[in-house]
Amino acid sequence: MYPIKNEEILEVAVEASLAASDIIMEAAHNPLIKKVKKSDSDLVTQTDLESEKIIKNFIIKNFPGHSILAEESDQKDNNSDYLWVIDPLDGTTNFVHGYPSFSVSIGIYYKKNPVVGVVLEMPHVKLYTAIVNNGSWCEGNKIQSSKTENIKDSLLVTGFGYQHGDLWGKNMDLFKIFTDKCHGVRRLGSASIDICHVATGQVDGFWEYDLSPWDSAAGILIAKEAGCIVSQLNGMEYNIFNNNILVTNGIIHKEMVKEFINYLN
Ligand code: IPD
Ligand code: CA
Ligand code: CA
């Protein structure tokens with residue numbers, strides 16, 4: 001059904017993420033290498049750029065005809081059925097401050113559908129992978145979302161984008177609404193890891209308003225293959241070019257969508 005075996009693609013994505021993580025971890029121990037660029041709060045470091053270069057080189061070497069969408073450089077559009085969507089360092093703010101939640105995220109799409117996802121969590125390294133229709137794995141173990149049945153018994157996680165415009169107030173309201181209704185809402189600062197934590201069942205749901213394609217491209221396949229449901233906040237179908245996302249264990253999905261719809265109306 002696919003022109004290239006998904007296992008072959010996974011192998012290259014894993015190799016690329018491991019090579020990128022080597023330079024990220026090296027730099028994490030050496031603050032001198034960190035340079036701040038984009039804006040006061042939306043940071044970009046030399047390491048973001050180096051990591052992206054390494055990953056792109058792996059792709060170009062192995063699959064020169066594929067298209068690439070990566071956070072820190074212009075899109076490489078080869079008019080291919082394959083698209084690699086890369087966040088070379090997700091959780092840059094955490095990385096800069098030595099806070100333990102940052103990752104490399106690589107999602108591969110064939111004809112706009114996710115076929116392979118790789119998220120490499122750092123600094124306590126955990127490799128999450130998924131191949132479509134083949135389940136999700138973390139460090140060699142199959143993973144499964146939680147069995148939590150309602151919001152009341154859940155632990156949730158969210159994220160806040162860098163733009164503090166209209167969405168800012170909504171983020172704060174929703175943080176409060178859900179904190180009042182569940183066991184707690186966490187905010188870690190790496191969306192790809194947040195999504196993988198729903199996939200492993202460590203948290204029961206994740207939402208965010210203002211994501212970019214590379215934040216969720218790999219995570220959503222890992223989540224779906226682990227039994228999660230992924231949608232927009234209003235329950236409509238999600239694709240990586242929608243900026244708002246809800247990922248849950250599936251069981252509490254309807255209840256959460258109802259809360260968002262109530263709030264948004
Ligand atoms: C950010 C992180 C964060 C999320 C932001 C993203 P970056 O990505 O995933 O958790 O809340 O919306 O932009 O800038 O660290 O790659
Ligand atoms: Ca990101
Ligand atoms: Ca990034």
Side-chain angles (χ1 to χ4, degrees), residues 16-17 20-21 23-25 27-28 33-56 68-75 84-107 117-123 126 128 156-168 170-172 174-175 178 185-199 202-203 205-220 222-223 230 232-233 238 240-247:
S17 67
S21 81
I23 66 114
I24 293 172
M25 287 308 296
I33 297 177
K34 295 168 186 165
K35 279 186 193 151
V36 174
K37 281 195 192 159
K38 244 181 220 170
S39 74
D40 280 353
S41 68
D42 187 358
L43 312 176
V44 125
T45 68
Q46 194 57 34
T47 309
D48 292 88
L49 307 179
E50 282 170 18
S51 169
E52 184 158 308
K53 204 166 154 196
I54 288 173
I55 297 165
K56 281 176 100 170
I68 302 174
L69 174 62
E71 182 175 12
E72 309 299 349
S73 52
D74 292 337
Q75 182 166 5
W84 292 63
V85 187
I86 302 163
D87 194 332
L89 180 44
D90 185 38
T92 297
T93 308
N94 289 342
F95 165 76
V96 166
H97 290 270
Y99 185 81
S101 188
F102 45 90
S103 77
V104 170
S105 170
I106 307 176
V118 171
V119 172
L120 185 61
E121 178 176 345
M122 290 165 275
K126 278 191 186 154
Y128 303 89
L156 304 175
V157 62
T158 188
F160 307 131
Y162 298 107
Q163 304 304 325
H164 293 186
D166 286 355
L167 299 177
W168 188 235
K170 287 184 180 168
N171 272 324
M172 291 299 129
L174 286 162
F175 194 87
F178 282 107
V185 181
R186 302 291 178 253
R187 197 271 159 136
L188 297 182
S190 168
S192 59
I193 296 179
D194 296 338
I195 297 171
C196 288
H197 287 178
V198 189
Q202 284 160 285
V203 290
F206 162 74
W207 83 89
E208 186 158 347
Y209 256 114
D210 202 9
L211 282 191
S212 299
W214 38 82
D215 295 314
S216 63
I220 58 168
I222 294 166
V230 179
Q232 296 181 55
L233 298 182
Y238 172 83
I240 55 170
F241 298 98
N242 297 125
N243 51 8
N244 73 87
I245 189 171
L246 172 63
V247 183

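Position 1 is the first residue of the sequence, and the numbers go up from there. In what follows, every heavy atom counts, from backbone to side chain, and hydrogens, waters and symmetry copies are set aside. Just so you know, ligand 1 is whichever comes first in the structure, and atom 1 is the first atom listed for that ligand.
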Where ligand 1 meets Glu71 - atom numbers and elements under 4.0 angstrom, heavy-atom basis: 16 (O)
Counterpart residues, side chain to side chain donor-acceptor pair (under 3.5 Å), relative to Ser73 (two or more places apart): Glu52, Lys56
For Tyr162, the ligand 1 atoms with a heavy-atom partner under 4.0 Å come out as 1 (C), 7 (P), 13 (O), 14 (O), 15 (O)
Output yes when the distance from some N or O of ligand 1 to some N or O of Thr93 is under 3.5 Å, and no in every other case. no
Using a 4.0 Å cutoff against the non-hydrogen atoms of Ala191, which atoms of ligand 1 qualify? 2 (C), 9 (O), 10 (O)
Atoms of ligand 1 under 4.0 Å from any heavy atom of Asp87, numbered from 1 in the order shown, are 16 (O)
Considering residues, nucleotides and ligands other than Gln163, do more than 12 of their heavy atoms fall under 6.0 Å from its CD? no
Flag the pair Tyr162 / Thr93 as yes when at least one side-chain heavy-atom distance between them is below 4.5 Å, and no otherwise. yes
Using a strict 4.0 Å cut-off to heavy atoms of Glu208, name the atoms of ligand 1 that fall inside it. 4 (C), 5 (C), 11 (O), 12 (O)
Where do Leu89 and Thr45 land on the side-chain contact (heavy atoms from CB on, under 4.5 Å) test, with the steps shown first? CA-CA 9 Å; Leu89 180 44; Thr45 68; 4.3 Å; yes
Could you go step by step and tell me if Val104 and Met122 meet the side-chain contact (heavy atoms from CB on, under 4.5 Å) rule? CA-CA 8 Å; Val104 170; Met122 290 165 275; 3.8 Å; yes
Working for side-chain contact (heavy atoms from CB on, under 4.5 Å), residues Trp214 and Ile86: CA-CA 5 Å; Trp214 38 82; Ile86 302 163; 5.8 Å; no
Flag Leu211 as yes when one of its N or O atoms lies below 3.5 Å from any N or O atom of ligand 1, and as no otherwise. no
Atoms of type N/O/S from protein, distance to the Ca ion (ligand 3) below 3.0 Å: 3
When you measure from the side chain of Asn244 to the backbone N and O of Leu233, does any donor-acceptor pair fall under 3.5 Å? yes
Would Asp194 count as a polar contact of ligand 1, with the cut-off being nitrogen or oxygen pairs under 3.5 Å? no
Exactly one candidate in Ile220, Ile245, Leu211, Asp215 meets side-chain contact (heavy atoms from CB on, under 4.5 Å) with Ile240; the answer is Ile220
When you look for heavy atoms under 4.0 Å from ligand 1, do you find them on the side chain of Ser190, its backbone, both, or neither? backbone
Would you mind listing which atoms of ligand 1 come within a distance below 4.0 Å of any non-hydrogen atom of Gly189? 2 (C), 3 (C), 10 (O)
Select the closest option to atom 2 (C) of ligand 1 among Leu43, Ile195, Asp90, judged by heavy-atom distance. Asp90
Thr158 side chain near Leu174 side chain, heavy-atom distance below 4.5 Å: no
Taking only residues two or more places apart in sequence or in another chain, which ones pass side chain to side chain donor-acceptor pair (under 3.5 Å) with Gln202? Thr200
Does only the side chain of Arg187 get under 4.0 Å from ligand 1, or the backbone, or both, or neither? Count heavy atoms. side chain
Under 4.0 Å from any heavy atom of Gly91, which atoms of ligand 1 are there? 7 (P), 15 (O), 16 (O)
Which ligand 1 atoms, with their elements, are less than 4.0 angstrom from a heavy-atom of Gly161? 12 (O)
In the structure I gave you, are the side-chain heavy atoms of Glu72 and Pro88 within less than 4.5 Å of one another anywhere? yes
Distance-only donor-acceptor pairs under 3.5 Å for side chains of residues 188-197, two or more places apart:
from, atom 1, to, atom 2, distance (Å)
Ser190, OG, Asp90, O, 3.2
Ser190, OG, Asp90, OD2, 3.0
Ser192, OG, Asp90, OD2, 2.7
Ser192, OG, Ser103, OG, 2.7
His197, NE2, Glu121, OE1, 3.2

Step by step, work out the side-chain contact (heavy atoms from CB on, under 4.5 Å) result for Leu43 and Phe95. CA-CA 10 Å; Leu43 312 176; Phe95 165 76; over 6 Å; no
Say whether Leu89 and ligand 1 are in contact under the criterion: heavy-atom distance to a ligand atom below 4.0 Å. yes
